[in-house]
Structures are given as structure tokens and as C-alpha cells.
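Have a look at the structure below before the remarks.
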Amino acid sequence: MKAEYVATKSAWAAITLMRVVFCWLIVPVVLMVIDLFVLKSERIEFYENQVISKSGIINKKTRKSAFLGVTSVYVDQRWLGRILGFGDVKVDVTGRWDINTKNVKDPQGLAEYLESKIITKENTTSIIHN
């Protein structure tokens, strides 16, 4: 038997004022969750003469750089970073610095470690003479 009339529901009924106003929230939340996983996967390992940066969840990336010495260290920690314990560490090194040290946990601790590696005049002369 064939129906004489078929009524279907409109998809426009799904669009309400509240959904339109708050639809923008889902995109930032999804991006925030993705960034959270990406940031949690990043690691910077310091060794005596090299730095290894590892990152990636699905695509793994490893970058090795020579770590010959530090000339200066600068910590940039904004108010939210001070409250939550993260910040940027800017490093001047001998050669080129390819390691991303933005948004690291405990930037003061990293800065203290890097400051212990600062090249002094005594270190430079001992390297040259050896």
C-alpha cells in the first residue's frame, strides 16, 4: 500500500538560537585537546654535548643539536605562566639553537640548568688549550 502523503521533519529545526551562539565553542575545545596531546608528547633531553628534541604522537620527530655552550639565558614568564608553572626560555648558544623551548614546565629550573652551562672566560681558555 502506498502512502498518500509523507511528512518529513525539517533539518532547520535543529538550528536554534542557543546552538548558533555557542557553536563556536566546539572548535576551540577540539583544537585545545589536540594541542594538549601534542604538547604532552614533546620532550627536550639535554646531554653533555648534545640536545635531543622529541615530539609527535603519530608522526614522531627527533632533532639532535650540538650543545657546545650557552652564552646567555632569558626567561619570559607571563602572569598565567607564573600561576600555572610554565614559560618561555630563550637561549643564546654557540652555533645555532634549533630547539623549541616555548611553554616549558618549570622554566626557572631549565634556566638554572642552562646557566650552569654558560661559557665563561676560564672555560673558553681551557677548551682552546686542550
Side-chain angles (χ1 to χ4, degrees):
M1 225 165 152
K2 189 174 177 187
E4 291 180 8
Y5 183 82
V6 177
T8 57
K9 297 203 176 192
S10 173
W12 290 104
I15 301 173
T16 64
L17 179 62
M18 293 304 279
R19 288 181 180 169
V20 169
V21 170
F22 292 106
C23 73
W24 58 272
L25 285 177
I26 192 68
V27 173
V29 169
V30 169
L31 293 176
M32 185 174 60
V33 169
I34 290 169
D35 283 346
L36 181 78
F37 284 114
V38 169
L39 288 172
K40 284 297 208 179
S41 72
E42 287 188 28
R43 243 177 109 101
I44 305 170
E45 299 173 353
F46 291 89
Y47 297 96
E48 186 175 335
N49 58 356
Q50 69 178 351
V51 180
I52 300 175
S53 174
K54 297 177 180 180
S55 64
I57 299 169
I58 296 171
N59 297 328
K60 299 285 186 179
K61 296 177 187 173
T62 302
R63 170 172 279 182
K64 294 181 183 181
S65 296
F67 189 48
L68 303 174
V70 176
T71 55
S72 69
V73 178
Y74 172 72
V75 176
D76 184 13
Q77 194 173 21
R78 309 245 161 113
W79 66 272
L80 186 60
R82 286 181 157 210
I83 294 169
L84 299 177
F86 69 92
D88 300 342
V89 179
K90 295 179 174 121
V91 185
D92 290 331
V93 297
T94 306
R96 188 172 146 200
W97 184 256
D98 294 335
I99 306 301
N100 181 2
T101 53
K102 288 187 175 189
N103 299 322
V104 295
K105 281 185 189 176
D106 188 24
Q108 296 297 334
L110 177 58
E112 288 174 13
Y113 170 76
L114 291 171
E115 286 169 356
S116 72
K117 302 293 184 182
I118 287 181
I119 298 173
T120 61
K121 189 174 182 179
E122 296 82 29
N123 292 350
T124 307
T125 56
S126 67
I127 291 171
I128 292 171
H129 294 307
N130 287 336

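Just so you know, these numbers come straight off a predicted model, no measurement behind them.
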Self-check item: Closest approach of L110 to F46 (non-hydrogen atoms, all atoms of both residues)
Solution: CD1-CE1, 3.5 Å
Quiz prompt | Single-linkage hydrophobic cluster, 4.5 Å side-chain cutoff, L36 and I57 together | solution = no
Quiz item: Can you name the closest pair of heavy atoms from T62 and I52 and give their distance?
Solution: CG2-CG2, 3.7 Å
Exercise. Treating Ile, Leu, Val, Met, Phe, Trp and Tyr as nodes and any side-chain heavy-atom pair under 4.5 angstrom as an edge, say whether V91 and I44 lie in one connected cluster.
Key: yes
Self-check item: For I118 against T71, the heavy-atom pair lying closest together
Solution: CG2-O, 4.1 Å
Practice problem: Grab the two heavy atoms, one from Q77 and one from P107, that are nearest each other, plus how far apart they are. | Solution: NE2-CG, 3.6 Å
Quiz prompt | Spacing of Q108 atom CD and R82 atom CZ [to the nearest 0.5 Å] | solution = 7.5 Å
Quiz item: Does D88 use its side chain to pair, donor to acceptor, with the backbone of N103 at less than 3.5 Å?
Solution: yes
Quiz item: For the hydrophobic clusters of this structure (ILVMFWY residues joined by side-chain heavy atoms under 4.5 Å, transitively), does one cluster hold both Y47 and Y113?
Solution: no
Practice problem: Mark yes or no for whether S41, through its side chain, and G56, through its backbone, hold a donor-acceptor pair below 3.5 Å. | Solution: yes
Practice problem: Could you grab the distance from atom CD of Q50 to atom OG of S65, nearest 0.5 Å is fine? | Solution: 9.0 Å
Exercise. To the nearest 0.5 Å, tell me how far K54 NZ sits from K64 NZ.
Key: 8.0 Å
Quiz prompt | Least distance between heavy atoms, V70 atom then V73 atom | solution = CG1-CG2, 3.6 Å
Self-check item: Residue pair S72 / D92, side-chain donor-acceptor N/O under 3.5 Å
Solution: yes
